[in-house]
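Structure, as structure tokens:
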Amino acid sequence: MEKKIPAEVWYPLDNAAMVYSAIQRDDYSAVYRFSAVMDEQVDPEALQRAVNRVMPRFPGFQVRLRPGVFWYYFDGDPTFLPQVEPDIANPCQPVRFSAQDRLLRVFYYEKRISIELFHAMADGSGALVFLKTLIGEYLRQKGIEVPCAMGVLDPELPPEPGEWEDAYARYATSRVKRGTKGSLAFRQKGIPEPFYTLNITMGIMKVDALKAAAKKYGATITEYLAAGLIQSLLALQHGQDLARERPVALVVPIDLRHFFPSPTMRNFILTARVAIDPELGEYAFEELVEIVRHSLRLQMTRQELQARITQNVALQKSPILRWVPRPLKNRAIALGFWLSGERPYSTTFTNPGVFKVPESMQEHIQRIEVVLGQSYRGPANCAAISCGETFTFSFSGTLKECDLERLFFRWLVREGVPVKVISNRKE
Amino acid sequence: MSYCVNCGVELDPTASVCPLCNTPVMNPKAPVDRESPPPFPLVRREVEPVDRRSLGLLLTGMLGAVAICCGLLNFLAFFPQVPWGWYVAGAAGLIWVWAALPFLVHMKFRYCLAADLVATAGFLALVAGLVEGWFWYLELALPVIGLTSFLVAGLAYCRIFHRSRLTTLLVFLGITAVYLLGLELVLDYFMEGTYHPTWSLIAAAVILVFGAIFLTVRLRPRLRAEFRRRFHS
Ligand SMILES: [Zn+2]
């Protein structure tokens, strides 16, 4: 190793991290989980060895979040190695920004290896690099040859500085600034579960069946499922017999690395809003697919995205906001997020895409799962990911009711996609 | 391999009901597997709740520092003959009970309210003692505090028990009427020594009329339906 990371290292938060740390509360958990279901029981000791070997490659995850006067900041701690723990029934517990509580957790249960990350550290893309590297190293510990390719990093190599750059700041160079707005959307209502419960309902499907169903409408899997989700939300709202129906809107995270090259593993995402107003009349499913497709593509232009990045970074750098003490500023950011990031949306739908790994790894992984933490007042959030032949779609929320889940999976079955459903709900 | 007869989705062999619709699994060929581990763990664990005491302690420190500094400034430097430091200290104590105490001690709402009222009364007593005005304290301040606590407690009662909107409105109107009547009584005795109710009677009469209408509507289901039809928006 030629270059060592100095012990006294700290990072300022990037634009998204600033928001996630401001909104983290007991009833808003900006923590998400990726799991890999292996082909046999997990060996916790081998997993711990793998964690210990992999962590130094990811200095951006060896951090604590500490309060400064004006901002939170990441405080580097190169000695931090997460302790592998038995998994729990209520995942994605909120994090505390204390000296003890860490922002990365590793769990095991039967055949499943799970990692949980606080969203301020990294987005799904960064977390998946970590998961690939960890699983690769775990399999090596079990005596399987795994090459360091396709996103599996070599834990022997030193970390590269570009991997922890604030890519927002780099690309905030647009001449125009642009914000987003949206009106109040339909929100699922229901009976909340007791505190710190997270209900997960997961559907497991075959990628081919899903692809074939999507192809009937000339759609990608993401567009197809987003349209199905909107249709289910429309039906859910319609069943409530409201005098006036609110728009149904999804928030779909966009990975900005596709538009602006960056090796960063920290946050580098923006979101798109896909909305349907039921007051305009009935929509056929084909029409929903069309709207989802065009709406997503329209929002995913390099120029527009750059204007939004510039706007967000300018807000962070604005002299007024900068010199306000942190507790006050966080209230303001949380309020801003609630108004522009929570109220205009019915639910989140994220699809980080295909989990591609070398063949020797692939054959030991049954499936990959992704679960999002709870949002205010707990309507279910949705996340999907595929690995090899298997596609998983998860709902996670804190409501007792599972009407949306039922509508959605029954729709898929009617479409001819066989679904296996598993859940952590108490029977 | 079992499927839900309602949803058509495949279920885990360990599931005894469908997670989507709660329909029990009845498959004579494949009974529920009660031996294998379920797909998700059953052990619950929770992170500790946020320690809000640190905020309470911070407030305590700040208020205490303000009170002590002002006290010292008062008696050592500025106008030692006028005891203004006591007012500051009293106000700091009042704010402490209102703002910091709920963070330090976990209390039921009614005890919080009681503590707030006692603190308010205490602060006013301090002011009364300093300006030798026990007369207004006993005849005006204490009764008004009592009346206000009655109003707040009544409103809180309605909110806690989630009565229907009409009931809440009725209780609110009733309490307001009593409050206004009481307020005029206290004011009259304080200023003139006699009781000549005027404005509060008018307000109470108006409230009574509306209250009677709402009460009738509340009690008669047919009227209620009619009311809904005519006033729907
Ligand atoms: Zn069912």
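We name chains A, B, ... by the order of the sequence lines, and we start the count at 1 in each one.
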When rounded to the nearest 0.5 Å, the distance separating CD1 of A:Ile88 from CG of B:Leu42 is 12.5 Å
Closest contact, heavy atoms only, B:Cys7 versus A:Arg406 = SG-CG, 4.4 Å
So which of A:Arg425, A:Lys420, A:Arg414 has the largest heavy-atom pair count under 4.5 angstrom toward chain B?
-> A:Lys420
Residue from B:Cys4, B:Ala15, B:Ser16 scoring the most non-hydrogen pairs under 4.5 Å with chain A is B:Ser16
If every non-hydrogen atom of A:Tyr109 is compared with every non-hydrogen atom of B:Pro37, which pair is closest and at what distance?
-> OH-CB, 3.7 Å
Would you indicate whether the side-chain heavy atoms of A:Phe195 and B:Glu46 approach each other to under 4.5 Å?
-> no
Inter-residue atom distance B:Ser36.OG - A:Glu110.CD, 0.5 Å rounding = 9.0 Å
Is A:Asn90 reaching over with its side chain to a backbone N or O of B:Arg45, donor-acceptor style, under 3.5 angstrom?
-> yes
Partner set under ring pair (Phe, Tyr, Trp, His ring centres under 6.0 Å) for A:Phe409, not counting sequence neighbours | A:Phe395
Around A:Glu279, counting heavy atoms of other residues, nucleotides and ligands shown, do more than 12 lie under 6.0 Å from its CD?
-> yes
Whether over 12 other heavy atoms sit under 6.0 Å from B:Arg44 CZ | yes
Who among A:Thr197, A:Val95, A:Leu412 has the most heavy-atom pairs with chain B under 4.5 Å?
-> A:Thr197
Could you list the donor-acceptor pairs under 3.5 angstrom formed by side chains in residues 17-30 of chain B, with sequence neighbours left out?
residue, atom, partner, partner atom, Å
B:Thr23, OG1, B:Asn6, ND2, 2.9
B:Asn27, OD1, B:Lys29, N, 3.0
B:Asn27, OD1, B:Ala30, N, 3.4
B:Asn27, ND2, B:Ser2, OG, 3.1

Heavy-atom distance under 4.5 Å to chain B: side chain of A:Val413, backbone, both or neither?
-> side chain
Find out whether the Lys NZ or Arg CZ of A:Arg112 is both under 6.0 angstrom from the six-membered ring centre of B:Phe40 and within 45° of the ring's axis.
-> yes
So which of A:Ser423, A:Gly203, A:Ala89, A:Pro91 has the largest heavy-atom pair count under 4.5 angstrom toward chain B?
-> A:Ala89
